[in-house]
Amino acid sequence: MSESPRYLPQALEAHWQQRWRDTDLHATGVTPADGGSFYALSMFPYPSGNLHMGHVRNYVITDVIARVQRMRGQGVLHPMGWDAFGLPAENAAIERGIDPGFWTDQNIASMRAQLQRLGLSIDWDREITTCHSDYYHWTQWLFLQFLDAGLAYQKDASVNWDPVDNTVLANEQVDSAGRSWRSGALVEKRQLRQWFLNITAYADQLLDDLAKLDGWPERVRTMQANWIGRSTGAELQFPLVDGEGQPSGTHIRIFTTRPDTIYGATYLVLAPENPLVPRLTSLAQQAPVQDFCNQVSRQSEQERTAEAIPKRGVALGSSVRNPASGELMPIWIADYVLADYGTGAVMGVPAHDQRDFVFASQYELPLRRVIVPPTSDRDAAGEGAWTGSGVLVNSGRFSGLSSEAATAAILTAAQQEGWGEPRTSYRLRDWLISRQRYWGCPIPVIHCDECGTMPVPQSQLPVLLPEGANLAGKGGSPLAQIEAWWTVDCPQCGKQARRETDTMDTFMCSSWYFLRYSDPHNTELPFKRELVDHWLPVDQYVGGIEHAILHLLYARFFTKVLRDRGLLGFDEPFKRLLTQGMVQALTYKNPQSGKYVSPDDIADPADPRDPLSGVPLVTFYEKMSKSKYNGVDPSRVIERYGADTARMFILFKAPPEKDLEWDDADVEGQYRFLNRIWRLVDAACQRGLQIEIKPIEIDSRSLSDAEVELRRAVHTAIAAISEDLCGDYQFNTAIAELMKLSNAMHTHQESASGPVACEAFASLIILLAPFAPHLAEELWLRMGANQSGENSVHLQTWPRVDPTALAKETIPLVIQVKGKVRGSLQVPVDADLASLEELALRSEIAEKWLEGKAPSRVIVVPGRLVNLVP
RNA sequence: GGGGGCAUGGCGGAACUGGUAGACGCAGCGGACUUAAAAUCCGCAGGCCGCAAGGCUGUGGGGGUUCAAGUCCCCCUGCCCCCACCA
C-alpha cells in the first residue's frame with residue numbers, strides 16, 4: 001500500500017449499490033428467534049416524477065432507523081411504494097393526450113432510480129403501486145368489507161363542486177378562501193348522490209384511543225382531537241305552538257352543551273337550510289324568508305367565514321314554548337347556525353353565548369341573565385355574554401344550583417318529562433369518498449333497477465379501469481361516458497344493470513398500504529392475518545405534518561374497522577410517529593413587486609438586487625418550491641458530493657422534527673468531515689493497521705494514558721450515539737458525537753495501536769454505517785474486515801458500551817460561592833461527601849472568595865459541585 | 001375566538017431527573033505549509049472592561065421559588081402551526 005487513494009463518492013457509491021443489489025443485502029429480515037421485529041415506514045410518495053428534498057429527508061431518516069434496528073439484531077421491514085392514483089396523472093393525460101398509467105409508470109421509474117441513488121436499505125421486492133390492479137383489487141375488496149359491515153352508504157349530499165376539475169371535493173380540499181386546493185377555482189355547491197364511509201361511527205374510539213398513542217407528537221394528537229371535536233351536551237325539544245299559543249303537537253329539536261342556561265333561552269334559531277323552515281314560516285314572512293335563504297345560499301364560503309362575521313337573520317313568524325320556563329319564544333333563521341352540526345337548530349341564550357348576544361342585540365331580542373359568575377370573575381363578565389359557569393338565578397326550581405349540578409338536574413327533569421336527553425355531537429363528518437374522475441380505484445358496485453345496489457361479487461374483482469377513456473377534461477365523469485364499460489348484468493337477477501362510475505378518493509388507497517407491505521404478493525387476500533399481525537403495528541412511521549389529520553385519521557379508522565372484521569389483531573396502526581420538518585431554502589424576493597427572484601439571476605449574493613430594476617431584494621428561508629425559484633435538486637447535490645454527504649448534511653443540520661435551512665456551505669462541511677474520516681482511515685492503513693474480525697481482547701491494566709483516553713472517547717461515543725438513536729431520535733447530536741470521536745482518534749493516532757486502535761476504528765466505521773452506508777462499507781473493506789466479501793459492515797452488530805472504559809479516577813468538582821461558579825478542582829471519583837466538603841473548604845478558591853470566614857451553609861452534590869454559602 | 005408549539009452567540013443548533021450555558025458544525029480571525037492560491041494542519045472566538053491576571057454581564061421582557069434556574073411557577077411580548085359562527 002503506497003498511493004493514498006482519494007475519496008471519490010460517485011464511483012464508490014455506484015459500486016456498493018450494485019454489490020448490495022447483487023447480494024440481496026436489503027431483503028426483509030427474517031425475525032431471529034431471540035430478537036424482535038421492527039417495521040420502519042416512510043409515508044409513500046405521489047409519483048410526480050421528481051424527488052425533492054422533503055422526500056430525501058423523510059426517507060433518509062427512516063433509513064437510518066431501519067439500519068440501526070438491523071444492527072441491533074431485529075428483523076426489519078423497510079418497504080417503499082407509490083400513492084399512484086390521483087389528479088395530476090389525469091391532468092397530464094388531459095393536457096398531453098397520454099395515458100395516465102403510462103405517465104405514472106414513467107414517473108415511478110425515474111423516482112425509483114433517484115431513491116436508489118440515495119443508498120436506502122429498502123426491500124424493493126415489496127414495492128407496491130396503488131394504481132396497479134394487483135393492488136387496487138384489494139382496495140375494492142376492502143371497500144366491500146365496509147359495505148358488508150354497513151359502513152359504506154350512499155346519500156344525496158350538497159357537495160363542493162370544482163368547476164375546473166369537474167369533480168367533487170372533500171371539505172378539506174377546499175381552502176379558507178373557498179377555492180379548490182388543486183385547481184384554485186371557486187368552489188360551487190351541488191347536490192349529487194355520493195358514497196360515504198361512516199367514520200363518525202368510530203368517532204369515540206378514534207378520539208379515546210389517542211390516549212394510547214404516547215409515541216405520537218402531542219400536537220398531532222391534539223390536532224386529531226380537535227378535528228373529531230366531540231362535545232357532550234343535550235338534545236332538547238321545544239314544542240311548537242299555534243297562533244293561540246296552544247301546542248300544535250310537534251316540536252323542534254336543538255343541540256346544546258349548556259342545558260343549565262335553558263331559562264335564559266329567549267328565542268330559537270334554525271339554519272336557513274333546515275328542512276323545517278318552509279313549514280314554520282308564517283304567511284306574512286314567506287317573502288323575506290325566501291329572500292334571506294337565497295341570499296345565504298349565494299354566499300360563498302369566503303363571505304361566510306370573513307374576518308368580522310356579521311350575524312344576520314329573519315323571524316319565521318312562528319313560536320315555540322320553552323319547555324323549562326314555559327315562556328313563548330319566537331323562531332328565527334340565521335346565517336350563524338350551521339345546518340350540518342347538531343340538529344341544525346339552537347336555542348338563543350343572549351346572556352350566556354357571545355354569538356347569541358351579538359345577534360340578539362342587533363334584532364332587539366330579549367336577554368335574561370340566568371347564570372351569576374363567581375365573585376372573582378365579576379369584572380370579566382361586565383360586557384357581553386358570560387360564557388363561564390356560575391350559580392343559577394331566574395331558573396325556577398333550579399335557581400341556586402351550580403352550573404354543574406343544574407346541568408345534571410335539568411337533564412334528569414328533561415328525561416322524566418320527555419323533552420330532552422343527553423347527546424354527544426361531533427365536528428367530524430362522514431367521509432365522502434366518491435370522485436367523478438377516471439384515474440382512481442373504481443367503486444365495485446352495480447346498480448340494478450330490480451335488486452338495488454349490489455356489490456360486485458368477489459370472484460369478479462378487480463373491476464378494472466377501462467382503457468381508451470375520453471380524457472378531454474370535459475363533460476363530467478369519464479367513466480360515465482363509456483357505456484360499454486358500465487353496461488353489465490346484475491349479479492343477482494342477471495338483467496341489464498349499470499356499473500358505478502365513481503372512483504374512490506385516493507385517501508382510500510393510502511389508508512391500508514402499510515398493511516399490504518407485510519404480504520405484498522398475496523393473490524388470495526389483501527394480506528394474511530399471521531403476517532400482518534407479525535409485522536404490525538408499524539414501529540416507526542415517518543412523514544410530513546401535513547398528513548397529521550386526514551391520512552392518519554383514515555388509516556386509524558381502517559385499522560379499527562378491519563380489526564372488528566377479524567382481519568387483523570391490533571387496533572392502532574402506528575406505534576410511533578415522527579413528523580419531520582420542512583426543507584427550506586434561501587429565497588429572494590423583490591419587496592416592491594412581491595416577485596420572487598432566482599439566485600441564478602443575482603450578480604452579487606452579498607448585495608442581492610433585482611436584475612431588472614436594481615431594487616435591493618429581501619432574503620429569508622422558505623419551503624422549497626419551483627414558483628419561488630429556491631428549489632435545490634437532490635440529484636445535483638448527489639452528483640457533486642455523493643449520497644453520503646447529502647444524507648449526513650440533512651441529518652446533521654437540524655433535529656428531525658424542525659424545519660431545516662438548506663445551506664451549501666454546511667453541505668461542504670459534511671463533505672469535509674467524510675474526507676477527514678477517509679484520511680484518518682487511510683493513515684491507519686498506511687501504518688498497517690487492520691481490523692481483526694474476531695472479538696477484540698483488551699487488558700485495561702496495560703494501557704498507556706493516551707490509550708485509556710482513546711478508549712474512553714470510543715465508548716463515550718457508543719453510549720451517546722446509541723442513546724440518540726433509541727427512540728427520541730437526535731441524528732444531529734449523534735453525528736456531532738461521531739465528529740468528536742473522529743477528532744479524538746485524530747489526536748491520538750500516533751500514540752495508539754494494536755487492539756485499542758482496532759477497536760476504535762471498528763467502532764467508528766460501524767457507528768458511521770447507518771448515516772453514510774457507502775463510505776462505511778468501503779472503509780470496512782479497506783481495513784481488511786471484509787476480505788471474504790460476505791462480511792458487510794451492515795451485517796455487524798451494534799457496538800456495546802464497556803463501562804470500565806468510561807471509568808475515571810478523578811473528576812472535576814465545581815466550586816461555587818453563593819451559587820456562582822468560582823473554579824473547579826480535580827477530585828478522586830470515589831471521594832465521600834465529607835471529604836469533598838473538606839477539599840472545597842481548603843481550596844484556594846474558598847480562601848479567595850470567603851475571605852477567611854466560615855460558610856454558613858455548604859451544599860455538596862457528589863460528582864458535580866460544592867456550593868459554599870457565606 | 002379556541003387549541004398546540006417555539007424564543008439560547010454572526011448563523012444552524014447543544015445542555016442528563018434544576019447543578020461549569022454555548023457541545024458539534026457553518027461563517028469569521030490568527031498562524032504553519034505553498035512562489036501564490038485552494039486543500040490540509042495548529043490555534044482563537046458570547047458581550048463589556050483590562051496589556052494581563054482577572055472581573056462584570058449574559059439563554060425574548062418582568063416578577064417568583066431555590067444554596068443554585070436556559071430548565072420549575074406567574075405575568076407580558078413576539079413568531080409559527082392547527083381548528084374556527086361547532087351552539
Side-chain angles (χ1 to χ4, degrees), chain A residues 172 176 217-231 233-234 254-258 261 265 269 271 304-306 309-311 334-338 340-349 352-356 358-359 387 425-429 545-546 548-549 579 581 621 648-649 652-655 657-670 672-673 675-676 679 720 723 730 732-743 746 812-824 848 855-870:
Chain A
E172 48 272 17
S176 53
E218 190 56 40
R219 66 171 179 147
V220 175
R221 291 200 278 172
T222 4
M223 278 160 75
Q224 293 221 346
N226 291 343
W227 187 260
I228 295 166
R230 177 165 67 192
S231 47
I254 63 102
F255 175 72
T256 180
T257 55
R258 293 295 301 275
T261 63
V269 212
R304 283 190 82 159
T305 56
I309 307 152
K311 288 172 179 50
D335 55 4
Y336 77 94
V337 178
L338 305 175
D340 55 357
Y341 183 74
T343 61
V346 301
M347 60 181 192
V349 187
H352 305 294
D353 182 281
Q354 191 56 34
R355 294 156 304 199
D356 294 341
V358 171
F359 186 75
T387 56
S425 259
Y426 304 88
R427 212 192 67 94
L428 182 72
R429 304 293 142 79
I545 187 73
E546 67 273 19
I549 297 176
T579 50
Y621 280 91
M648 293 288 287
F649 165 78
F652 179 67
K653 178 73 181 174
E657 61 286 342
K658 284 194 68 168
D659 288 347
L660 178 153
E661 296 174 358
W662 187 271
D663 180 350
D664 290 336
D666 284 322
V667 180
E668 290 274 0
Q670 285 307 313
R672 279 204 292 270
F673 173 55
N675 269 290
R676 250 186 339 261
R679 285 193 301 273
E723 171 80 23
Q730 300 191 69
N732 53 332
T733 52
I735 291 175
E737 292 296 330
L738 271 179
M739 290 171 168
K740 282 191 215 171
L741 174 58
S742 111
N743 291 344
H746 187 265
L813 180 76
V814 168
I815 310 297
Q816 293 184 336
V817 177
K818 211 183 162 197
K820 282 191 190 288
V821 177
R822 294 303 179 187
S824 68
K848 174 176 173 186
S856 64
R857 194 170 166 192
V858 179
I859 288 112
V860 183
V861 183
R864 294 219 178 257
L865 56 77
V866 175
N867 189 6
L868 308 170
V869 186

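Within every chain, numbering begins at 1; the chains are lettered A, B, ... in the order of the sequence lines, protein sequences first and strands thereafter.
Residue A:Asn867 places none of its side-chain N or O atoms closer than 4.0 Å to OP1 or OP2 of B:G19. The phosphate of B:A87 has OP1 or OP2 within less than 4.0 Å of a side-chain N or O from A:Ser231. A close approach under 4.0 Å does not occur between any side-chain nitrogen or oxygen of A:Arg822 and OP1 or OP2 of B:U20. One finds no side-chain N or O of A:Gln354 lying less than 4.0 angstrom from the OP1 or OP2 phosphate oxygen of B:A84. A close approach under 4.0 Å does occur between a side-chain nitrogen or oxygen of A:His746 and OP1 or OP2 of B:C42. Here A:Arg857 reaches the OP1 or OP2 of B:C67: one of its side-chain N or O atoms lies under 4.0 Å away. OP1 or OP2 of B:A87 has not a single side-chain nitrogen or oxygen of A:Tyr336 nearer than 4.0 Å. Applying the 4.0 Å criterion to OP1 and OP2 of B:G3, one finds that A:Arg221 has every side-chain N and O outside that range. Between B:G13 and A:Lys658, a contact under 4.0 Å exists linking OP1 or OP2 to a side-chain N or O.
Whole-Å rounding puts the A:Leu428 CG to B:C82 C1' distance at 16 Å. In this structure, A:Lys653 places its NZ atom 9 Å from C1' of B:G13, rounding to the nearest Å. Going from atom CG of A:Asn743 over to atom P of B:A23 covers 13 Å, rounded to whole Å.
Ring pair A:Tyr621/A:Trp662: centre-to-centre distance not below 6.0 Å.
Distances were taken from every side-chain heavy atom of A:Val821 (C-beta onward) to each of B:A87, B:A21, B:C83; the shortest belongs to B:A21. Nearest nucleotide to the A:Thr256 side chain, out of B:A87, B:C83, B:G12: B:A87.
Only the P atoms considered, B:C44 is 22 Å distant from B:C49, to the nearest whole Å.
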Could you list the donor-acceptor pairs under 3.5 angstrom formed by side chains in residues 856-870 of chain A, with sequence neighbours left out?
residue, atom, partner, partner atom, Å
A:Ser856, OG, A:Val869, O, 3.1
A:Ser856, OG, A:Pro870, O, 3.2
A:Asn867, OD1, A:Lys818, N, 3.4
A:Asn867, OD1, A:Gly819, N, 2.9

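One donor-acceptor pair, N or O on each side, does fall under 3.5 Å between the base of B:C85 and the side chain of A:Lys311. One cannot find a donor-acceptor pair under 3.5 Å joining the base of B:C26 and the side-chain atoms of A:Arg672.
Within a 6.0 Å radius of CD in A:Glu668, more than 12 heavy atoms belonging to other residues, nucleotides or ligands are found.
Residue whose closest nucleotide on RNA chain B sits further toward the 5' end, between A:Ser425 and A:Glu218: A:Glu218.
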